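In what follows, every heavy atom counts, from backbone to side chain, and hydrogens, waters and symmetry copies are set aside. Because the structure is a prediction, the values reported are computed rather than measured.
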Amino acid sequence: MSAKVNDDLLTERRKCEFNVEELTNYLDGGAQATQNRRKLEDKVLSTKGLFDEVPEEYLSHKEKYENAVRKAVVYYKAMKEAEDPNQTEQERANATYRSLLHAAVFKDNSPFSLHLAMFIPAILGQADEEQKKYWMKRASKMEIIGTYAQTELGHGTFIRGLETTATYDPKTEEFVLHSPTLTAYKWWPGSLAHTANYCVVMAHLYINGKSCGIQPFIVQFRDEETHQPLPGIKLGEIGAKLGFNTVNNGFLGFDQHRIPRNRMLMKNAQVLKDGTFKRSPNSKLTYGTMVYVRVVIVNGMANQLARAVTIAVRYSAVRRQSELKPDAGEPQILDYVTQQHKLFIGIASSHAFTLTAKWLTRMYQKVTADLEKGNLDELPELHAIACCLKAVTTTDTSVLVERSRTSCGGHGYMLSSNLPQIYGLVTAACTYEGENTVLMLQTARSLVKALEQAQSGKRLSPTMSYLSEKVSSRLKWDNSIDGIVKGFRRVAYGKVESAMRSMRKYVRSGLGPEDAWNMSSVQLVAASEYTSISEADIRQLQDTYEDLLGKIRPNAVGLVDAFDFRDQILNSTLGAYDGRVYERLMEEALKSPLNAEPVNQSFHKYLKPFMQGKL
Ligand SMILES: CC/C=C\C/C=C\C/C=C\CCCC(=O)SCCNC(=O)CCNC(=O)[C@H](O)C(C)(C)COP(=O)(O)OP(=O)(O)OC[C@H]1O[C@@H](n2cnc3c(N)ncnc32)[C@H](O)[C@@H]1OP(=O)(O)O
Ligand SMILES: Cc1cc2nc3c(=O)[nH]c(=O)nc-3n(C[C@H](O)[C@H](O)[C@H](O)COP(=O)(O)OP(=O)(O)OC[C@H]3O[C@@H](n4cnc5c(N)ncnc54)[C@H](O)[C@@H]3O)c2cc1C
């Protein structure tokens, strides 16, 4: 018999003014896609051994990792077995695109995440056809587990500053990988410490003493039978972190480690047997895996934000507190306009990020298809837009998830609410795959170039076209959708123009271009933040904000129900569909090992002698 649903949530669901299932179908990409997703979730989540008897927050650092590996193998097998052979690749992708299935199993991400998120994409994007065929067979069957090892102890942002060397030896037709300094150690790659046995290493290639730039190499670093580190390889775990504590981020040092010539991934650049180096058509093609992951991150943020606001809105419908009017009883905290202000922007942002992610994914697919035909024309724009959207969506999601947590008071601070863990996952994305400030400055670099082109009369790409609009500074903004869109474009134009004017002022004062850039960089970052506003996203804005909050209020629970996250995926005492928050908080509290006995042994060992003055 299912547990009784909280009365307030029942009332909220009765009040809803739209068809929740229709919105769920829209978000999934149609009723069939919803059905496919639910079928996949039903199958996988019914697998034995996927869930923790003891909440993982009560395990040690080492036990958490070992438990996560146990679950990862069960989960991966279940996902493989759940695949419907009659579905197309696209249908399969759609079924997982919106699903946060892995979140039901891993509160702090999986030790396999880098294998799927970067190792496989790096092979697909950087290997030549023969290499792709061999390595994809092994990687897709999980015969090997890989990661992506680029960041070093001393360098993360500045890829051209990476110190790991790959020196070609034409006599043996091998590359010698070496970490010349401590700061050259690879540091951060997920799964690197104890899980993976292969990685794509980004290293500085030298041939006959000449630098050939940063190139990708596929490197085995653990024996496939014994899992022992190979000779010349130093490995370890980097330690406990704010989050990602089951991702097994590690360090790796090379000591003159030799690999065969065919282990350099040679889609873009090649090294022939005699050491002849054939350059890539564009050295930045080596950075392609990062562009792909930045695109994936935008969609990931939409889903994680949707999860957080689902928890917070349902809790806010159940929680009653204080007094809005004398003698009227305690209201639902969702009736406070401040609570609506905190949470409804999160619902809207999640939808905006979903639409943006779909648009960006289509752009990525088009540019990638062009690259296959040797057309690199739109690569710079894709890079600039992917940098901006990854930075803006991860920053906004981190702010909005933290706001969802604090809007739930003390219970939002409980790990059993899952809001702290969701924050730990999303805030990491502000740093990984390119620290956000650095990425915004990459976008700014493109904006400045575009404005210079516009001022010399050149045509601009669609995403930069606002920089060629002769917009009168005396534009009258009305509250219509068009007025708001025009307003945003005017502000965005003004910020780029102001940053550029500032740089020119510094150059006139005698500074070099690099120093002028640095002095104007705060304005340049601000200018980039406005690039991501596009007409489609803000067409829904109405003219008065508070009215809008009132219109959304009766539909708030319906809107988060439409995200259709099952309780196992929310993994939260505050966000369950039935709203039994107090019973769940108590159930989870009683799982604490400290509650196994009324008097803890520390009383007799320390407290009692201390209080009796005997210590
Ligand atoms: C919800 C989560 C979902 C999925 C993720 C799940 C699990 C994964 C978890 C964690 C994974 C994290 C993995 C990592 O963090 S991997 C490491 C990531 N590291 C970085 O991103 C490093 C960032 N740094 C850079 O990208 C570069 O150093 C740089 C800042 C771009 C500067 O490069 P540099 O070579 O010095 O170039 P510049 O001299 O500055 O010239 C810029 C020039 O190059 C063009 N450019 C730069 N990058 C690219 C690119 N990627 N593609 C195309 N073009 C590029 C740029 O446009 C400019 O061109 P100009 O014409 O202006 O010269
Ligand atoms: C959870 C997590 C998982 C990760 N997983 C991986 C992985 O699997 N594989 C991998 O290779 N890496 C991984 N990383 C590493 C990640 O890619 C780097 O942390 C990131 O690229 C930033 O580099 P850094 O840490 O060296 O910081 P730095 O580059 O030292 O930056 C530090 C600060 O300096 C500022 N700064 C640097 N350069 C500039 C500039 N040009 N202009 C203005 N400001 C600047 C930055 O904005 C930042 O605030 C992971 C990181 C995290 C947090």
Would you say Ser528's side chain and Met440's backbone share a donor-acceptor pair under 3.5 angstrom?
yes
So which pairs with a foot in residues 230-253 pass ring-ring contact (aromatic ring centres under 6.0 Å, His included), sequence neighbours left out?
Trp187-Phe251, Phe244-Tyr432
Sorted by chain and residue number, the ring-ring contact (aromatic ring centres under 6.0 Å, His included) partners of Tyr168 (sequence neighbours excluded) come out as Phe175
For residues 103-126, which residue pairs pass the salt bridge (Lys or Arg N to Asp or Glu O under 4.0 Å) check, not counting sequence neighbours?
Glu57-Lys107
Evaluate the criterion side-chain contact (heavy atoms from CB on, under 4.5 Å) for residue pair Met290 and Tyr287; output intermediate values, then yes/no.
CA-CA 6 Å; Met290 295 179 280; Tyr287 297 178; 3.4 Å; yes
Heavy-atom check, side chain of His61 versus side chain of Asn245, under 4.5 Å:
yes
When you measure from the side chain of Asp169 to the backbone of Lys171, do you find a donor-acceptor pair of N or O atoms at a distance under 3.5 Å?
yes
Backbone N/O of Gln270 and side chain of Lys278: donor-acceptor pair under 3.5 Å:
no
Given side chains that start at C-beta, do those of Phe254 and Val176 come closer than 4.5 Å, heavy atoms only?
no
Steps toward side-chain contact (heavy atoms from CB on, under 4.5 Å) verdict (Phe277, Leu272)
CA-CA 7 Å; Phe277 179 61; Leu272 306 185; over 6 Å; no
Parallel, tilted or perpendicular: which fits the ring planes of Tyr206 and His204, with parallel below 30° and perpendicular above 60°?
parallel
Is the shortest heavy-atom distance from the side chain of Lys186 to the side chain of Tyr148 under 4.5 Å?
no
Side chains of Tyr198 and Thr147, heavy atoms from C-beta outward: is any pair under 4.5 Å?
no
Any donor-acceptor pair under 3.5 Å linking the side chain of Gln126 with the backbone of Ile123?
no
Determine, step by step, whether Trp359 and Leu389 satisfy the side-chain contact (heavy atoms from CB on, under 4.5 Å) criterion, reporting the C-alpha distance in whole Å, the side-chain angles of both residues, the deciding distance to 0.1 Å, and the verdict.
CA-CA 11 Å; Trp359 173 83; Leu389 292 177; 4.0 Å; yes
Without swapping roles, check the side chain of Thr361 against the backbone of Ala357 for a donor-acceptor pair under 3.5 Å.
yes
Side-chain (Gln220) to main-chain (Arg222) donor-acceptor, under 3.5 angstrom
yes
Go through the side-chain N and O atoms of Asn268 and Ser280 and say whether any donor and acceptor fall under 3.5 Å apart.
no
Going by atom type alone, with no hydrogens or angles, which donor-acceptor pairs under 3.5 Å involve a side-chain atom of residues 226-234 and a protein atom two or more places apart or on another chain?
from: Thr226; atom 1: OG1; to: Asp223; atom 2: OD1; distance (Å): 3.4
from: Thr226; atom 1: OG1; to: Gln228; atom 2: N; distance (Å): 3.1
from: His227; atom 1: NE2; to: His194; atom 2: O; distance (Å): 2.8

Can you tell me if Asp396 and Thr393 form a side-chain donor-acceptor pair at under 3.5 Å?
no
Going by atom type alone, with no hydrogens or angles, which donor-acceptor pairs under 3.5 Å involve a side-chain atom of residues 377-387 and a protein atom two or more places apart or on another chain?
from: Glu378; atom 1: OE2; to: Lys366; atom 2: NZ; distance (Å): 3.3
from: Glu381; atom 1: OE2; to: Ser461; atom 2: OG; distance (Å): 2.7
from: Glu381; atom 1: OE2; to: Thr463; atom 2: OG1; distance (Å): 2.3
from: His383; atom 1: NE2; to: Gln442; atom 2: OE1; distance (Å): 2.9

Quick check against the 3.5 Å criterion: does His115 have a side-chain atom that pairs as donor or acceptor with the backbone of Ser140?
no
Residues Asp28, Arg37; criterion salt bridge (charged side-chain N to carboxylate O under 4.0 Å, His left out); working and verdict:
CA-CA 8 Å; Asp28 280 319; Arg37 173 176 56 78; 2.8 Å; yes
Student check: side-chain heavy atoms of Gln304 and Phe353 closer than 4.5 Å
no
So OG1 of Thr246 and CD of Glu63: to nearest 0.5 Å the spacing works out to 13.5 Å
Considering all heavy atoms of both residues, which atom of Val496 and which atom of Leu451 are nearest to each other, and what is their separation?
CG1-CD2, 3.8 Å
In terms of side-chain heavy atoms, does Glu163 have a donor or acceptor partner in Thr181 at a distance below 3.5 Å?
yes
Does Lys77, at its NZ atom, have more than 12 non-hydrogen atoms belonging to other residues, nucleotides or ligands within less than 6.0 Å?
no
Side chains of Glu152 and Thr164: any donor to acceptor distance under 3.5 Å?
yes
In terms of heavy-atom contacts, Pro111 and Ser191 come closest through O-OG, 2.6 Å
Could you label the plane-to-plane angle of the Tyr292 and Tyr364 rings as parallel, tilted or perpendicular, counting under 30° as parallel and over 60° as perpendicular?
tilted
With a sphere of 6.0 Å drawn around CG of Asp274, does it hold more than 12 non-hydrogen atoms of other residues, nucleotides or ligands?
yes
More than 12 heavy atoms of other groups within 6.0 Å of Glu130 CD:
no
Work out which heavy atom in Asn109 is nearest to a heavy atom in Val247; give both atom names and the distance.
CB-CG2, 3.4 Å
Residue list, salt bridge (Lys or Arg N to Asp or Glu O under 4.0 Å) with Arg279, at least two apart or on another chain:
none
Are Asp84 and Asn36 close enough that some pair of their side-chain heavy atoms sits under 4.5 Å apart?
no
Check Pro85 against Glu83 and note the closest heavy-atom contact, atom names and distance.
CD-O, 3.3 Å
Spell out, as yes or no, whether a donor-acceptor pair under 3.5 Å connects the side chain of Thr397 to the backbone of Thr394.
no
Heavy atoms of Ala450 and Leu467 approach each other most closely as CB-CD1, 3.8 Å
Can you find a side-chain donor-acceptor pair between Ser179 and Asp255 that sits under 3.5 Å?
no
Is Arg307 close to Leu425 at the side-chain level, that is, under 4.5 Å between some pair of heavy atoms?
yes
Main chain of Ala68, side chain of Glu56: is a donor-acceptor contact present, judged purely on distance under 3.5 Å?
no
Show your working on salt bridge (charged side-chain N to carboxylate O under 4.0 Å, His left out) between Glu372 and Lys267 and close with a plain yes or no.
CA-CA 10 Å; Glu372 290 302 312; Lys267 175 178 182 179; 2.6 Å; yes
Qualifying residue for side-chain hydrogen bond (donor to acceptor under 3.5 Å, both in side chains) with Glu129, from Lys133, Lys132, Gln131:
Lys132
Just by distance, do the side chain of Thr395 and the backbone of Val392 share a donor-acceptor pair under 3.5 Å?
no
Distance-only donor-acceptor check, side chains Asn436 and Lys390, under 3.5 Å
yes
Is Lys62 salt-bridged to Glu66, cutoff N-O under 4.0 Å?
yes
Is any side-chain heavy atom of Leu27 closer than 4.5 Å to one of His351?
yes
Closest heavy-atom pair, Thr151 versus Pro189, reported as atoms and distance to 0.1 Å, is O-CD, 4.4 Å
